[in-house]
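Numbers here are sequence positions counted from 1.
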Amino acid sequence: MVEFSLGGSGAQCLAVDRAERDTVYVGLAEAGVHRSRDGGLTWADSGLPELGVFSLAVSAADGAVYAGTEPSRLFRSDDRGQSWRELEGLLELPSRPTWSFPPRPWTSHVRWIAPSPHDADVILAGIELGGLMRSIDGGATWQDHRPGAQRDVHSLAWHPRVAGRAYEAAGGGAAWSEDWGTSWHPADEGRDRHYTWSVTVDPDDANRWYVSASTGPFAAHGGGDPQARIYRRRDGEPWQPLTDGLPQPLPAMPYALLAADSRVFAGLADGQLWESRDRGDTWTAVKLEGDTLSGVLALAHVTRVRDAKIDSELDGL
């Protein structure tokens, strides 16, 4: 059932607290971070000092909440959004003067934040457009763009069970790391589209991961035909386009991919939601009841235990 909230707010990123599953954070384009303690029924401003929020994350390791903004600033909350402090070390990187977002070249933003689920001190942050940065002390200090990674970072992911394994989707292709994000390996063979946007990884298999891709930024975001596809990579083999059941090419950009419970979900820019129950082999459109979605920008998976019954839910934006 689709329930619509925060209509017209400019919501564009989402994070769920795994320790308190009814606590949800949403980043707004011009109104900071809003927090819900009741699963999205009601919302309150969390008082972030910067208004343009492009990325959010909640650390599975220690519960810290991170918010990335435009212009590029990174904030951390250690009390579930009650108060925030800026991680100023990010702006001390030598590459900072070169950071520039092409549609607004005078500025840039923190497009993605990925705290390691295995080590609370390790954090990855992607600047659009500037590079993939890494911290090993909880965000106090930062290492500049990592070797082998793409600079136009769009999304990042850690494997939830294999420590140190990370993945990137970016404007120039995809990459992966096996050393906690210290160095990265390109992963582009087999794809005929290299403008990758969303990345997700099978929680049961660190060698099976997925990206969405288009032919370029104008095709992806221009409102026309994105010529988009979803790809899967297994065991280091070339990327495979996933076609069974999906329109070819997709009529709207898959802005959000999510792998969970042997399933893969794809949320499209026009509000469609697609699901695979066999790890990407075949796909069906999800028939949504309730409010109409104009677009899907983010997806989150929540598992709740109620009276010895496990309920698996999907939150979206």
Side-chain angles (χ1 to χ4, degrees), residues 15 55-62 64 66 68 72 74 87 89-90 93-95 99 110-191 194-213 230-240 256-260 264:
S55 53
L56 285 169
V58 180
S59 172
D62 65 356
Y66 297 89
S72 289
L74 183 58
L87 301 178
L90 182 68
L93 290 172
S95 67
W99 301 355
V110 181
R111 166 59 69 180
W112 205 271
I113 311 160
S116 166
H118 305 283
D119 186 336
D121 287 333
V122 179
I123 309 165
L124 303 176
I127 306 296
E128 189 179 31
L129 191 158
L132 197 165
M133 317 309 180
R134 177 177 181 261
S135 174
I136 57 173
D137 54 14
T141 62
W142 291 84
Q143 301 164 355
D144 217 326
H145 178 66
R146 305 316 304 147
Q150 292 282 334
R151 289 186 178 273
D152 186 15
V153 182
H154 292 152
S155 58
L156 299 164
W158 291 98
H159 196 273
R161 298 176 184 172
V162 178
R165 187 72 68 91
Y167 311 83
E168 177 193 19
W176 64 283
S177 172
E178 57 188 339
D179 58 7
W180 300 88
T182 303
S183 61
W184 294 75
H185 310 282
D188 296 313
E189 184 182 1
R191 273 196 340 273
H194 298 292
Y195 186 83
T196 63
W197 188 262
S198 184
V199 62
T200 190
V201 58
D202 189 326
D204 297 320
D205 185 351
N207 293 314
R208 182 189 290 117
W209 49 301
Y210 307 81
V211 296
S212 60
I230 299 171
Y231 296 85
R232 178 180 60 197
R233 191 171 193 254
R234 294 183 291 189
D235 300 320
E237 297 176 352
W239 289 97
Q240 172 192 7
L257 299 180
L258 176 67
V264 187

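- If you take CG on Asp152 and CG on Leu129, they are separated by 4.0 Å, rounding to the nearest 0.5 Å.
- Note on ring orientation: taking the six-membered ring where Trp is involved, the planes of His154 and Trp197 are tilted (angle from 30° to 60°).
- The two atoms that bring Ser72 and Val110 nearest to each other are OG-N, 3.7 Å, heavy atoms only.
- In this structure, the side chain of Ser212 engages the main chain of Ser198 through a donor-acceptor pair within 3.5 Å.
- More than 12 heavy atoms of other shown residues, nucleotides or ligands fall within 6.0 angstrom of atom CD in Glu237.
- Taking all atoms of both residues into account, the shortest heavy-atom contact from Val211 to Arg191 is CG2-CD, 4.0 Å.
- Panel note: side chain Asp188, backbone His194; no donor-acceptor pair is recorded below 3.5 Å.
- Using a distance-only test at 3.5 Å, with no hydrogens or angles considered, a donor-acceptor pair links the side chain of Ser135 to the main chain of Thr141.
- Checking each of Tyr210, Trp112, Trp209 against Tyr167 for a ring-ring contact (aromatic ring centres under 6.0 Å, His included) leaves exactly one that passes, namely Trp209.
- In this structure, Trp158 and Trp180 have tilted ring planes: the angle between them lies in the 30° to 60° band.
- Considering CZ of Arg232 and CH2 of Trp239, their distance stands at 10.5 Å, rounded to 0.5 Å.
- Looking at Asp202, its side chain never comes within 3.5 Å of a backbone N or O of Asn207 through a donor-acceptor pair.
- Classification of Arg161 and Asp204 as a salt-bridged pair holds, one side-chain N sitting under 4.0 Å from a carboxylate O.
- Here the straight-line distance linking atom CD1 of Ile136 with atom CH2 of Trp142 works out to 11.5 Å at 0.5 Å rounding.
- When atom types are taken as modelled, the side chain of Ser59 and the backbone of Ala120 share no donor-acceptor pair closer than 3.5 angstrom.
- Two residues are said to be in side-chain contact when any heavy atoms from C-beta on lie closer than 4.5 Å; Arg165 and Val201 fail this criterion.
- Between Ala259 and Pro203, the shortest heavy-atom contact is O-CD, 3.8 Å.
- Between the side chain of Arg234 and the backbone N or O of Arg208, no donor-acceptor pair lies under 3.5 Å.
- Scanning all heavy atoms of the two residues, the minimum distance from Ala15 to Leu56 falls at CB-CB, 3.9 Å.
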Legend entry - Verdict with supporting geometry, Leu124 and Ile113, side-chain contact (heavy atoms from CB on, under 4.5 Å): CA-CA 6 Å; Leu124 303 176; Ile113 311 160; over 6 Å; no
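- Here the closest non-hydrogen pair linking Ser177 and Ser183 is OG-O, 2.9 Å.
- The two atoms that bring Gln150 and Glu168 nearest to each other are O-OE2, 2.8 Å, heavy atoms only.
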Inset, instruction - Would you sort out whether Ile127 and Leu90 count as a side-chain contact (heavy atoms from CB on, under 4.5 Å), showing the intermediate values? - result: CA-CA 10 Å; Ile127 306 296; Leu90 182 68; 4.3 Å; yes
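- Distance check, rounded to the nearest 0.5 Å: CG of Leu257 to OG1 of Thr196 gives 10.5 Å.
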